[in-house]
Amino acid sequence: MSFKLLIDEIDNNIHKILDDLSVSDILFSVEPAKPGFGDVSSNVSFLLGKHFKKNPKEIADMLSEKYNQLQSTLVSNVESHPSGYLNFFANWEKLNQLILSESNLDYYGSVDLGKNSIIVVEHTSVNPNKALHIGHIRNIVLGDTISRILKKANYKVNVLNYVDDSGLQVADIIVGFRHLGFAQDPPNEKKFDHYCGDDIYVKTTEKYEQDPSLENIRKNILKELEDGTSEIAQFADKITRRVLENQIETCWNLGVYYDCLNFESQIIRSGLWNQIFEKLKEMNLIEFENNGKNIGCWVIRGENNDEDKVLVRSNGTATYIAKDIPYAAWKLGLVNDPFNYEKYDKLQPDNHILWQTTLVPNNNFKQNFIGEKVITVIDSRQDRLQKIITTIMSKFKSKQDVYIHLGYESVTLSADTAKTLGLNTDGKQAQMSGRKGLYVNADSVYDLLKNKTTDEIRRRHPEMSDFEIKQIAHHISVGTLRYEMIKQDLDKMITFDLTKSLSLDGDTAPYIQYAFARASRIIEKSTRIPSIDIDFSLLNDQFEINLIKTIGLFDMHVMDAAKNLSPKVIARYCHDLAVSFNSFYEHVKVIDLGNEKLENSRLCIVNSFKLTLEKALELLGITAPDKM
RNA sequence: GGGCUGGUAGCUCAGCUUGGAUAGAGUGCUGGACUUCUAAUCCAGUGGUCAAGGGAUCGAAGCCCUUCCGGCCCGCCA
């Protein structure tokens with residue numbers, strides 16, 4: 001609680017006044033004010049004006065008069081604005097102290113939305129037959145950021161990555177390895193996932209057009225993958241594990257970690273589908289078609305104008321969507337867990353244990369990764385299928401909102417970037433396609449960013465060691481990439497442009513990180529240890545107050561972001577913090593003032609800013625270096 | 001054809017969930033600020049029929065309806 005204390009006080013007092021007027025059931029707002037309108041505003045006069053059929057301004061006059069007679073701790077004055085708004089001015093000497101003290105605590109910004117309940121977040125979920133491209137990164141960064149925010153909102157979060165290791169895309173590269181003569185090891189120490197995606201997958205897909213007999217081979221391989229016993233299946237398993245390892249390296253490099261890897265092949269072989277199939281039949285959620293175009297199939301009826309969806313083909317096999325249902329049910333703990341768990345071969349860089357499912361019996365302690373609620377991060381092209389799963393899950397659980405599909409628009413390539421990949425689009429943006437080789441790999445974007453930032457740092461700091469430069473360049477590159485992926489709303493398409501993505505000015509992570517580095521530098525140079533044992537009355541300059549106010553808004557933004565599953569709220573908050581600080585920095589001197597008390601007071605703000613920004617950036621998975 | 005979704009400054013986007021003040025950022029362009037705590041910065045200027053039309057409201061970028069334009073989805077593929 002911080003700025004929220006002021007808002008709560010005002011909210012309570014307005015309620016008291018309304019009680020005196022014998023008015024209830026008015027849902028007025030009490031919000032941080034726009035610049036120039038005090039510190040907090042309320043629209044209560046408009047709503048009350050409606051109630052009493054009076055001019056809002058008259059009501060505001062009456063309310064401000066009544067309010068000023070009340071006991072206030074944190075409000076110094078209330079004004080009625082000619083527009084009808086009620087504007088509150090804070091007692092900053094007191095609020096300064098509250099906010100600055102609070103911001104020094106470890107849990108600053110934490111809110112209790114989750115009440116320590118368990119929630120599953122599934123993201124990434126990429127076919128292990130290629131390297132991660134920039135489109136996958138949006139999913140991964142979104143999922144990771146949401147997980148971090150939910151943890152801050154007091155949820156226990158289980159992060160899952162569903163590895164689709166038995167689909168058609170995997171079959172494709174196996175065709176390449178086994179029938180088109182691709183060597184098992186990549187040339188020139190190329191990363192294995194890049195080799196599989198850039199070379200084998202693309203070229204194998206091209207060959208299908210020239211040689212239709214390959215289609216049959218592919219079909220057979222797909223079947224063997226699902227059975228899982230043949231030599232081919234074992235070979236495929238080796239290949240997909242190797243690709244997966246590379247993909248996970250990319251994720252780890254971006255600061256993304258998981259709790260458990262789930263393998264589609266194991267879900268299929270576990271027999272979970274049969275349990276679910278019976279349950280669907282019992283609950284009359286699916287129907288057997290005796291005639292029509294889907295004769296002989298089990299279907300789920302389409303809602304409003306949607307077509308019926310086939311779950312079980314007339315030959316008795318389950319379709320893609322059907323396979324997703326048992327997994328969704330597993331995540332919610334609606335089926336008996338058929339899995340055992342073992343540790344992933346490598347330790348995650350954050351030292352957090354990564355588990356993976358296995359069907360092989362072992363003596364390990366049984367892990368538990370299910371949740372009372374599930375969030376599945378998948379792009380919005382799957383809205384329709386996800387809606388079917390959402391409906392089924394709420395019926396299984398007899399509860400709404402237990403399964404949440406967090407959809408987002410996909411990442412496309414700008415016309416210029418498509419051109420550099422050999423596709424002329426007449427100035428239009430282009431959908432990425434793994435099949436056609438039309439994508440930008442995440443690793444390459446990272447490398448380009450790192451080269452650029454390394455040059456920049458070297459230019460600014462000729463004295464720095466290569467090791468230090470590389471470390472800083474890493475944080476800036478990861479920050480830049482992550483920030484670009486979440487700063488806009490989920491329903492907005494991201495048009496990725498290689499050149500523009502390398503921009504480090506303006507509304508970017510480096511801008512924010514730079515503000516942090518400036519703060520670090522002030523504290524370092526002052527040679528004093530920041531403390532909250534200061535004279536708060538000295539902090540009354542508009543730039544100081546504005547910065548403290550922004551620091552005080554942290555928890556409210558965390559709440560907003562968690563409630564609405566909207567990570568961009570935190571991105572914008574970090575940017576706001578940096579803007580407030582940069583403005584402060586340009587106008588207010590901190591060290592060498594010849595006034596020890598004032599210097600201590602200002603140093604306290606700088607330190608609070610630094611601590612708060614660090615926590616907020618952590619929610620975005622971004623690290624701010626002390627120098628850059 | 002049906003469904004979902006977007007349209008706000010030259011460009012990229014906030015604001016819309018919960019209607020109310022002067023519609024905000026970044027970028028671009030123009031000009032200014034580094035012997036000073038790092039100029040990856042700051043300050044100022046420029047730039048808007050909030051896609052169009054209608055409706056309900058004292059009041060609409062926001063709510064309802066219609067239309068236009070863009071994107072995506074609609075297989076016994078995954």
Side-chain angles (χ1 to χ4, degrees), chain A residues 27-29 31 33-37 41 43 45-47 49-50 53 55-56 81-85 87 127 164 166-171 222 264 289 293-299 302-307 309-321 323-324 379-385 387 407 409-410 412 428-429 431 453 456-457 460-461 476 487-489 491-495 497 500 503-515 517-526 563-564 568 572 575-576 578-579 582-583 585-592 602 606 627-628:
Chain A
L27 288 172
F28 57 88
S29 69
E31 295 168 329
K34 287 208 268 183
F37 296 99
S41 303
N43 68 349
S45 331
F46 295 106
L47 306 173
K50 207 174 264 179
K53 302 219 161 36
N55 186 332
H81 189 270
S83 62
Y85 266 105
N87 293 332
N127 291 91
D164 187 358
S166 53
L168 213 52
Q169 296 199 25
V170 171
L222 184 63
E264 185 187 59
E289 288 285 25
K293 65 172 184 172
N294 293 329
I295 186 165
C297 300
W298 286 90
V299 304
E303 286 184 10
N304 31 12
N305 285 322
D306 287 353
E307 295 270 318
K309 188 77 206 163
V310 172
L311 290 194
V312 179
R313 304 183 185 97
S314 52
N315 68 5
T317 56
T319 58
Y320 162 73
I321 166 93
K323 288 180 208 164
D324 268 6
D379 78 64
S380 52
R381 284 176 294 199
Q382 299 223 35
D383 275 348
R384 180 183 291 241
L385 294 178
K387 204 178 150 209
E409 278 295 324
S410 43
T412 61
K428 285 188 183 170
Q429 50 187 249
Q431 287 283 327
T453 48
E456 283 286 325
I457 300 164
R460 285 156 209 255
H461 300 279
I476 298 174
K487 76 172 178 188
Q488 51 204 322
D489 223 332
D491 52 20
K492 234 76 169 206
M493 215 185 304
I494 293 181
T495 306
D497 184 274
K500 286 182 185 158
S503 161
L504 309 173
D505 301 326
D507 186 10
T508 63
Y511 172 88
I512 299 166
Q513 290 167 315
Y514 187 68
R518 281 176 145 184
S520 296
R521 194 67 169 156
I522 290 175
I523 293 170
E524 184 194 320
K525 280 215 167 173
S526 82
K563 256 188 188 161
N564 296 309
K568 68 138 197 272
R572 296 188 75 80
H575 184 253
D576 287 349
V579 168
N582 275 329
S583 198
Y585 183 92
E586 300 279 346
H587 296 95
V588 183
K589 290 278 163 262
V590 178
I591 61 178
D592 297 332
R602 287 184 175 163
V606 174
K627 287 183 193 168
M628 64 184 276

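In this text the structure is predicted, and so the values were computed from the model without any measurement. Each chain gets a letter, A, B and so on, in the order its sequence line appears, and its residues count up from 1.
- A56(B) and C76(B) have their C1' atoms separated by 49 Å, with the value rounded to a whole Å.
- Judged by atom type and distance alone, Ser583(A) does not reach the base of C42(B) through any side-chain donor-acceptor pair under 3.5 Å.
- G71(B) sits 32 Å from G55(B) when the P atoms are compared, rounded to a whole Å.
- The same atom, C1', is picked in G31(B) and in U49(B); the two are 30 Å apart, to the nearest Å.
- Under 4.0 angstrom from either OP1 or OP2 of U36(B) there lies no side-chain N or O belonging to Arg518(A).
- To the nearest whole angstrom, the two P atoms, one in C50(B) and one in C43(B), are 28 Å apart.
- A sub-4.0 Å separation between OP1 or OP2 of A40(B) and a side-chain N or O of Arg460(A) is present.
- Separating the CD atom of Gln382(A) from the C1' atom of G75(B) is a distance of 14 Å, rounded to the nearest angstrom.
- Ring-to-base geometry places Tyr85(A) in a stacked arrangement with A21(B) (centre distance under 5.5 Å, plane angle under 30°).
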A correct dot-bracket answer for RNA chain B, with pairs being Watson-Crick or G-U at under 3.5 Å, [ ] for crossing pairs and | for inter-strand pairs, is (((((((..((((......[...))))((((((.......))))))....(((((..]....))))))))))))....

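- OP1 or OP2 of C77(B) sits under 4.0 Å from a side-chain N or O of Arg313(A).
- Using atom P as the reference point in both G54(B) and U17(B), the two lie 23 Å apart (nearest Å).
- Residue Met628(A) places its side chain closer to A40(B) than to any other of C73(B), G59(B), A40(B).
- Here the side chain of Cys297(A) is nearest to one of C37(B), C77(B), C76(B), namely C76(B).
- If you check A40(B), C37(B), A21(B) against the side chain of His81(A), the one that comes closest is A21(B).
- In this structure, Glu524(A) does not pair ionically with Lys627(A), as no charged nitrogen and carboxylate oxygen lie closer than 4.0 Å.
- Nearest to the side-chain atoms of Asn564(A) among the listed nucleotides U22(B), U17(B), A40(B) stands U17(B).
- Residue-to-nucleotide contacts include a donor-acceptor pair under 3.5 Å from the side chain of Ser41(A) to the base of A21(B).
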Interface polar pairs with nucleotides 11-15 of chain B, N/O, under 3.5 angstrom:
| unit_1 | atom_1 | unit_2 | atom_2 | d |
| --- | --- | --- | --- | --- |
| C13(B) | OP1 | Gln488(A) | OE1 | 3.3 |
| C13(B) | OP1 | Met493(A) | O | 3.3 |
| A14(B) | OP1 | Asp489(A) | N | 2.9 |
| A14(B) | OP2 | Lys492(A) | NZ | 2.6 |
| A14(B) | O4' | Arg572(A) | NH1 | 3.4 |
| A14(B) | O2' | Arg572(A) | NE | 2.7 |
| A14(B) | O2' | Arg572(A) | NH1 | 3.4 |
| A14(B) | O2' | Arg572(A) | NH2 | 2.9 |
| G15(B) | OP1 | Lys568(A) | NZ | 3.1 |

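- Between Gln513(A) and A40(B), a side-chain N or O to OP1/OP2 separation shorter than 4.0 Å is absent.
- Within the structure, every side-chain polar atom (N or O) of Tyr585(A) is placed at least 4.0 Å from both OP1 and OP2 of C34(B).
- Annotation: U67(B) and G28(B) have their P atoms spaced 41 Å apart (nearest Å).
- Among G26(B), C42(B), G2(B), the nucleotide with an atom closest to any side-chain atom of Arg384(A) is G2(B).
- Closest contact between the side chain of Glu409(A) and the listed nucleotides C37(B), U5(B), C76(B) involves U5(B).
- Rounded to the nearest Å, the gap between the C1' atom of G32(B) and that of C69(B) is 42 Å.
- Here U41(B) is the nucleotide among U41(B), C37(B), A40(B) with the atom lying nearest to any side-chain atom of Asn582(A).
- By the side chain to side chain donor-acceptor pair (under 3.5 Å) test, Arg518(A) pairs with Asn582(A), Glu586(A), sequence neighbours left out.
- Atom CG of Asp592(A) has 12 or fewer neighbouring heavy atoms from other residues, nucleotides or ligands inside a 6.0 Å radius.
- Without hydrogens or angle criteria, His461(A) side chain to Ile457(A) main chain gives no donor-acceptor distance under 3.5 Å.
- Minimum interatomic distance between Asn43(A) and Ser29(A) (heavy atoms only, all atoms of both residues): OD1-N, 2.7 Å.
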